[in-house]
2 protein chains.
Amino acid sequence: MLAAVLQVREGRLQALLWQRAREPFAACWALPGGALAADETLEESMRRHLAEKVDVREVAHLEQLETRSDPQRNPTRRELATAFLGLVPSGVDPSVPSDTRWHPLDELPELAYDHAEILLSARERLRGKLSYTNLGFALAPPSFTLAELRDLYAAALGHPVSATNLQRVLLRRRLLEDTGERRHYGSGGGRPATMYRFRSTRLEVTDQFAVLRPPTMIS
Amino acid sequence: MLAAVLQVREGRLQALLWQRAREPFAACWALPGGALAADETLEESMRRHLAEKVDVREVAHLEQLETRSDPQRNPTRRELATAFLGLVPSGVDPSVPSDTRWHPLDELPELAYDHAEILLSARERLRGKLSYTNLGFALAPPSFTLAELRDLYAAALGHPVSATNLQRVLLRRRLLEDTGERRHYGSGGGRPATMYRFRSTRLEVTDQFAVLRPPTMIS
DNA sequence: TGGCGTTTTTGCCTCACAAGCGATAACCTC
DNA sequence: GAGGTTATCGCTTGTGAGGCAAAAACGCCA
């Protein structure tokens with residue numbers, strides 16, 4: 001049981017990794033995880049293990065990815081692992097153990113087992129869901145300006161994002177709401193930006209996939 | 001390890017189920033599955049177990065769903081199960097063991113364990129992917145008319161589908177190709193329909209989710 | 001107090017694609 | 001060949017994404 005815990009830090013999408021002390025893969029970096037206890041579900045267990053690395057209340061979203069089952073993935077003994085995607089909102093800086101660090105996804109160190117694959121598929125899942133769900137809530141702080149949100153999306157998606165388009169898409173889908181607050185940019189002038197928040201902090205699918213919809217049947 | 005094996009039969013989406021002889025859940029219907037051996041991946045194992053129920057060559061698509069881990073899901077002993085979605089093209093009629101039958105998804109008998117939930121999530125996955133991938137290849141026979149394909153999609157999606165719209169969507173995405181053959185409808189007249197086939201029989205994502213695309217950068 | 005630079009927000013336009021509908025094409029049978 | 005039947009194509013509409021530029025709302029400084 002493993003989690004790819006992702007957060008946008010310093011403008012880059014980063015993953016929480018810890019450095020192994022022992023063989024196999026000594027000195028390699030690995031995803032946080034652990035074993036399943038008798039009376040818990042995989043998700044409960046994952047949250048329990050993550051609590052050793054970060055404050056679990058800071059994990060805004062946790063979902064199952066694939067269960068990895070290659071007999072060779074662990075060279076010492078047969079081991080299945082269910083991978084999770086965890087997201088931490090930008091802004092919080094969890095205190096982590098001394099063997100644990102954040103690593104930008106585009107500058108990964110040498111990883112243990114099949115963890116590099118897991119990280120990439122976690123990023124793919126995140127990128128997909130950012131486009132057709134409200135998953136942005138799990139990357140964003142409680143309130144934010146659209147420029148800040150644009151930078152978050154750009155870091156997570158890996159390509160530039162237009163703030164004006166992002167605003168229209170998210171507002172039309174009614175994912176954002178105005179908090180009433182305004183914020184000025186740094187010291188130099190500029191129009192103060194309105195602070196938004198996500199209307200919901202639970203995953204919702206917003207795009208109807210736009211194809212092969214049921215007919216309208218108006219007549 | 002379990003599989004929701006789906007096929008469109010007699011115009012309805014149906015699932016392959018076998019009837020349990022012993023407790024727990026005696027006489028209830030269950031998804032085909034089995035235990036993982038030491039030297040195989042989950043997918044290999046799933047194919048091996050399915051071979052006892054149907055000819056595996058008839059399973060055109062197999063993908064992992066969720067791994068179920070509720071400690072109570074099996075009342076006798078703790079058991080994890082990785083669920084799969086399997087698809088059998090319409091037209092083939094696999095010979096199945098005597099305890100095994102096809103059941104329409106909208107008329108399910110009493111199911112063992114959490115298998116009803118798994119079936120519904122399998123159907124959701126199928127419906128979603130029919131809209132933004134070429135997954136239709138796994139439900140369709142090697143060649144077909146558009147009217148036949150429309151009926152397949154309608155059965156799988158659970159709502160009426162317009163043949164003309166289906167044609168335009170799939171042709172624009174270049175998922176279908178003309179086989180050159182034509183086929184007449186029954187005995188009464190009518191213009192012969194062109195027979196199509198899917199250009200690829202491997203899963204391909206076709207819809208780019210239409211949002212938050214990278215900018216065009218033409219200038 | 002008014003201009004200027006900066007940043008945000010809104011309005012207008014275009015484009016792509018899904019979807020509805022009617023017209024046309026291509027057969028059959030009688 | 002006329003009429004019925006089925007398939008296919010073309011025209012049109014509607015919706016949402018995306019680009020661009022104008023307008024709004026500040027701070028700062030003369």
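Letters go in sequence order (proteins before strands), and every chain restarts at 1.
- Between B:Met195 and B:Gly190, it is B:Gly190 whose nearest contact on DNA chain D lies nearer the 5' terminus.
- Distance B:Leu171 CG to C:dC17 P: 14 Å, rounded to the nearest Å.
- Minimum atom distance to the side chain of B:Leu146 is reached by D:dT8, of the listed D:dG27, C:dC28, D:dT8.
- Under a 4.0 Å N-O distance rule, the pair A:Arg48/A:Glu44 does not qualify as a salt bridge.
- The aromatic ring centroids of A:Phe137 and A:Phe144 lie 6.0 Å or more from each other.
- No contact: A:Ala163 has no heavy atom under 4.0 Å from any strand.
- Going from atom CZ of A:Arg182 over to atom C1' of D:dG27 covers 17 Å, rounded to whole Å.
- Note: CG (A:Leu170) to C1' (C:dT10) measures 16 Å, nearest angstrom.
- A donor-acceptor contact under 3.5 Å links the side chain of A:Arg168 to the base of D:dG18.
- Proximity of A:Asn165 to A:Arg168: side-chain heavy atoms (C-beta onward) are separated by under 4.5 Å at one or more points.
- Residue A:Leu176 contributes atom CG, which lies 15 Å from atom P of C:dT8 at whole-angstrom precision.
- At a threshold of 4.0 angstrom between heavy atoms, the contacts of A:Gln167 include nucleobase atoms, whether or not backbone atoms are also involved.
- Looking at the side chain of A:Val169, the nearest of the listed nucleotides C:dA19, D:dG18, C:dT8 is D:dG18.
- You'll find that the side chain of A:Thr164 is closest to D:dC20, out of C:dT8, D:dC20, D:dA7.
- A salt bridge is defined here as a Lys NZ or Arg NE, NH1 or NH2 lying under 4.0 Å from an Asp or Glu carboxylate O, and B:Glu66 with B:Arg68 meets this definition.
- Distances shown here put a side-chain N or O of B:Thr194 below 4.0 Å from the OP1 or OP2 atom of D:dT8.
- A:Asn165 places its CG atom 14 Å from the C1' atom of C:dA16, with the value rounded to the nearest Å.
- Atom CD of B:Glu148 is separated from atom P of D:dT8 by 11 Å (rounded to the nearest Å).
- Residue B:Thr67 holds its OG1 atom at 11.0 Å from CE of B:Met1, rounded to the nearest 0.5 Å.
- Atoms NE2 (B:His184) and P (D:dT8) sit 12 Å apart, rounded to a whole Å.
- Rounded to whole Å, atom P of D:dA7 lies 12 Å from atom OH of B:Tyr196.
- Listed nucleotides: C:dA26, C:dT9, D:dG18. Nearest to the side chain of B:Pro192: C:dA26.
- Relative to the side chain of B:Arg191, the nucleotides C:dT9, D:dT8, D:dG18 differ in distance, and D:dT8 lies closest.
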